[in-house]
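Not measured: the values here are computed from a predicted model. Just so we're on the same page: letters track the sequence lines, and every chain starts at 1. The figures that follow rest on heavy atoms only: side chains count, while hydrogens, waters and symmetry mates do not.
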Amino acid sequence: MPTAVKPHRLFCVVSGNSGLLSEFHARSNVSQTTAVYSRLSTFLTVSYCFNLNLDICIITSEMPAADYDQASLPDLLPLYYRRLFPFSQYYRWLNYGGVTKNYFQNREFSFTLKDDIYVRYQSFSTQNELEKEMQKMNPYKIDVGAVYSHRPNQHNTVKSGSFQALEKELVFDIDMTDYDDVRSCCSAADICPKCWTLMTIAIRILDRALRDDFGFRHCLWVYSGRRGVHCWVCDEAARKLSVAARSAVSEYLSLVKGGEETVRKVVLSDPIHPFINESLKVVEHYFPQYAVVGQDILGSKEAADKVLALVPEDILLLSANFYYMTQYEIKELLQYFQTEKNPEKRWGRLKTLVQNKRTTAKGHYFEKEIMLQYCYPRLDVNVSKGVNHLLKSPFSVHPKTGRISVPIDLRELDRFDPFDVPTISLICEELDRPKTAEEEEEKEDTDENEREAGERRKRRDYKQTSLAKYVKLFDQFLEGMARSWKGEHLKKSDLQKDF
Amino acid sequence: MRLLGDWNAHRLSYKVEPLPQRLTKAKRDTGTMQFFSRRKKLIGNSQTEQLYGHCLQFYGQPPIENISLSEFETFAVERLKLLKTVENLGVSYVKTSDQYTKKLDAEFSNLNFPYKIEADDRKPQTGPSEFEKRRKDHISHFILRLAYCQTEDLRRWFIQQEIDLFRYRFKHLHPKNQSEFLHRNNLHYHTISVEEKNNLMDKLINSRFAVSGTTVDYQDFYKVPFQDALDLVRTRKVYLKGGYVYIPHQDIVTIVLNDFRTRLSKALALTARSLPAVQSDERLQPLLNHLSHAYVGQDYSIQKSIGKISLEQIDPLSAKSYPLCMRQLHRGLRDSHHLRHGGRMQYGLFLKGIGLTLDQALQFWRSEFVKGKVDADKFDKAYAYSIRHMFGKEGKRTDYTPYSCMKVILSNPPSQGDQHGCPFRHSDPELLKQKLQSYKVSPSGISQILELVKGMHYQLACQKYFELTHSIEDSGFSLNHPNQYFMESQKLLGGPGAGVKVEVKREDNPATKPPNPSPHQTPGPGNLPQEVEAEITEDLDSFFQDA
């Protein structure tokens, strides 16, 4: 970073990021540009700085997406909301085909602004109003709440008690921090490709159950932007569920129970419910590779002790009465672990040992319980229960990582990589990348129709960026829902004809 | 005194005939006499048959007869006693256990409520006839609807107890009577075909412990939307496919109960709307208020000890007078300088209950949190709000009440990273044992406690812990609230929380109530003739003392 700079004009060439700078350029004079420069330098990798008579050239290397810096967020958000945020799809989603009157208008949004200022009960009457307000406020984070009985922004004007949350999507929030006791690779907010498997398992299990067991058809899975995933179940029946029904659904789906004071968090009893059987199929598929090899849950004495703690003591004692070998067995097992380095063989040995126990203690499924405790999805039940609970919106930016909350393609679930999800800096940068011939052509088409050109360009800006495939995915999801309304409408009109 | 109630669920209106203020014994008797003579006339009446033709009711039709004020009172109080018994038994026993059934059976015959069809016209009756019992069941239910429709909390309590009561009664009906009941109340549920049943055989068997191949064969299975059988869904005791549950006939009570719950909760909402009309009757209002206050018990929200505890006292108090759940939370907070939401709520409200002021609470939480990962600025932004919220200073400004044992045990179980909940309910026995050992509880005491835990008597286990840590034989109270634990302990140890005790005992345990409660205790309006009010409350108090 140059220390003595006395330019009367500042000229920046930032490879791959000129779009960003041209944004600033448009509203800057010289002195402001200096300020912009110093702000930029906090997140650009500056390779060369040299004085060329009048101009200063800053040439940076191509900025990798991981180079998102929180400090740049205030500069990027206006651009994101002005040119990239998929407003029309977003409105289309929350309007739900206009089936229920005021469904969009009575929806609560809440914004987190700079310095953690939290504004609740925002609501908008049209897509345009939403757009204008978001472009004005440039929220760091957007949360979506319930559909209320009245417009949320007027909640103070209605008699207390009559302002009620009526409907909301059934939502699930799975957060990697809840798995801290069973992952060895990371903790707290950190994630890595290794532990991401847990999210894959969670999505597979829950998505199947929501569809097959509960009969829901429109489940939107979204990467939260940092360390977890959200699910929005958008079926009409799901949106209308009562608090009691939501809590029943989430309890049906919860197997791992108990807090810090519980060691054995999964207890199975006979017979194993079909839902658990289906879930086990998923867990069994991932467990050997993920837990036994990846997390190496039998890799050290401490880790192995943790696993063995899940086999209840009285059962061990019970079998000791028959075989006189439990303590001995455990010792032997640990000795075996010392010599056998192959994690899969270790697990195999433990499994046979525990399975033998079943003959003496009927109806126990210790190896299954261990697998479930290590891999079964851990839901934040409180988020799912409340109708009025807020949840971070799809396509909101995660202020800490800069990543966009994007829909996850379940057909490609095993290949989904959270580190591949575009950050706001990446897509803003892509915006001013030279256009490909194809895009150029498209642009010419729009030019023919001058009047709508501006409007269309705005709508298609995201197509130049890596956000495009996620918006497309969202579009497909919305199409699916639209088809179901059409089906409903047909059914309704058929019924009417009968009369 | 008479009142004519039109108990229409949608509109509730009362006509009160002007009659002398005081009821004499003789008048009451005449009232009953008249009633008997009328009954004879009505016996063939189709409406009476419709109302009281079955020992169990769905309470669809409100009563439309005249009843005396004293009968009104008696019915209401006796049903309350019944519901209170239902609540207490539900905490102490498993709802399907023999003891639960036995105790509830006893209560039914004590209070003369109908419950089994066999009782009808079989044995020579001493005491009230089956018809009278059914009439009492009917009327008392509707009176309590009036008393318990006023707030969300009251409604929830009432619905819960009525549902438990209904479940118990329905389950003990003869299958023949069960189907008669369904038929009478037009409850028809969709049954699946034999073919569908055979296709799903495996899944149906594996979904329910008590279902085997043979039982699937001869039982009907009902297919209903899962929303109608939430209790079975919640506990995974039913097969669920495509949004429908497949319920074996043996579990049909669940669907019926769901219907019952939905109807009752709707009816209560409607009753609440027409309540102002009832409350304008100055004879009924104090009675109804008293009814709703009497049995919900002390909520430990209004404290006389407010501000009497200093922050320095908290650490020693936590070791001496905290119940285990709060001790665990306090320790968790001191160790990790953080508690998650559930813990903050449970502990924060407890602290409010033992007398911390809002300022003290803010100072307490802030000083602990800033030692951890949260700086003062973040605390003020992210946590201070929720603490002010607890004290009713934010949001909808509800002054939240400390959690009772029931709430701690039954709602919001702790999950990963949580330290709240009831240690007797939510800890592994092994960890609980270690914890008790570290708190110097004797080995014999520990095994007594673990025995109670095993039998799911969590509150009794906690009480045992109280007795052991306070070195007394019999604590002499029935524990149902962490703040009660604290106050009882302070009373024994003579600490700052002791002063509140007397007040609590009065509300909580009617048996020790002084015979003449001071007038300010009655939540009645000022314009009521003193005489009448005194009569009512005295009557009520004498009922409560029987409990």
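Between A/Pro271 and B/Ile205, the shortest heavy-atom distance links the atoms CG-O, 3.9 Å. Shortest non-hydrogen contact noted between A/Ala244 and B/Leu230 is C-CD1, 3.8 Å.
Ranked by heavy-atom pairs under 4.5 Å with chain B, the list A/Asp213, A/Ile117, A/Asp116 is led by A/Asp213. When the candidates A/Ala248, A/Gly215, A/Ser250 are compared by the number of heavy-atom contacts under 4.5 Å with chain B, A/Ala248 comes out ahead. Ranking B/Ser415, B/Gly332, B/Pro413, B/Ala382 against chain A, the residue ahead of the rest is B/Ser415, based on heavy-atom pairs under 4.5 Å. Of the listed residues (A/Asn277, A/Leu255, A/Asp380), the greatest number of heavy-atom pairs within a distance under 4.5 Å of chain B belongs to A/Leu255.
Heavy-atom distances place the side chain of A/Phe216, and not its backbone, under 4.5 Å from chain B. The contact between B/Leu431 and chain A is made entirely by side chain atoms (from C-beta outward), counting heavy-atom distances below 4.5 Å. Looking at A/Ser254, the atoms closer than 4.5 Å to chain B (heavy atoms on both sides) all sit in the backbone: N, CA, C or O. Using a 4.5 Å cut-off between heavy atoms, A/Ile276 contacts chain B through its side chain alone, with no backbone atom that close. Contact annotation for A/Asp178: both backbone and side-chain heavy atoms come within less than 4.5 Å of a heavy atom of chain B. In this structure, chain B has no heavy atom under 4.5 Å from any part of A/Leu379. Interface remark: A/Asn382 contributes side-chain atoms only to the contact with chain B (heavy atom separation under 4.5 Å). Interface residue B/Tyr239: backbone and side-chain heavy atoms are both found under 4.5 Å from chain A. Only the side chain of B/Lys435 comes within contact range of chain A, judged by heavy atoms closer than 4.5 Å.
Counting heavy-atom neighbours within 6.0 Å of B/Lys381 NZ, excluding the residue itself, gives a total above 12. Counted within 6.0 Å of NZ on A/Lys400, heavy atoms from surrounding residues, nucleotides or ligands total 12 or fewer; the atom is thus considered open. The 12-atom threshold is exceeded at CZ of B/Arg263, counting heavy atoms of other residues, nucleotides or ligands nearer than 6.0 Å. For A/Arg217, the CZ atom is loosely surrounded, since the number of other residues' heavy atoms within 6.0 Å does not exceed 12. By the neighbour-count criterion of 12 heavy atoms within 6.0 Å, atom CZ of B/Arg273 is sparsely surrounded, having that number or fewer from other residues, nucleotides or ligands. In this structure, B/Tyr244 places its OH atom where only 12 or fewer heavy-atom neighbours from other residues, nucleotides or ligands lie under 6.0 Å away.
Applying a 4.5 Å heavy-atom cutoff, the residues of residues 196-203 of chain B that approach chain A are B/Lys203.
Distance CG/A/Asp181 to CD/B/Gln416: 4.0 Å, rounded to 0.5 Å. Annotation: the span from B/Asp428 atom CG to A/Lys265 atom NZ amounts to 8.5 Å, rounded to 0.5 Å. Taking NE2 of A/His273 as the start and NZ of B/Lys237 as the end, the distance is 11.0 Å to the nearest 0.5 Å. Here the CD-CG distance, from A/Glu261 to B/Asp418, works out to 11.0 Å after rounding to the nearest 0.5 Å.
Between B/Val238 and A/Tyr252, every side-chain heavy-atom pair lies at or beyond the 4.5 Å cut-off.
Put simply, the side chain of A/Glu260 gets close to the backbone of B/Gly417: a donor and an acceptor are under 3.5 Å apart. Looking only at distances, a side-chain donor or acceptor of A/Thr262 sits under 3.5 Å from a matching main-chain atom of B/His426.
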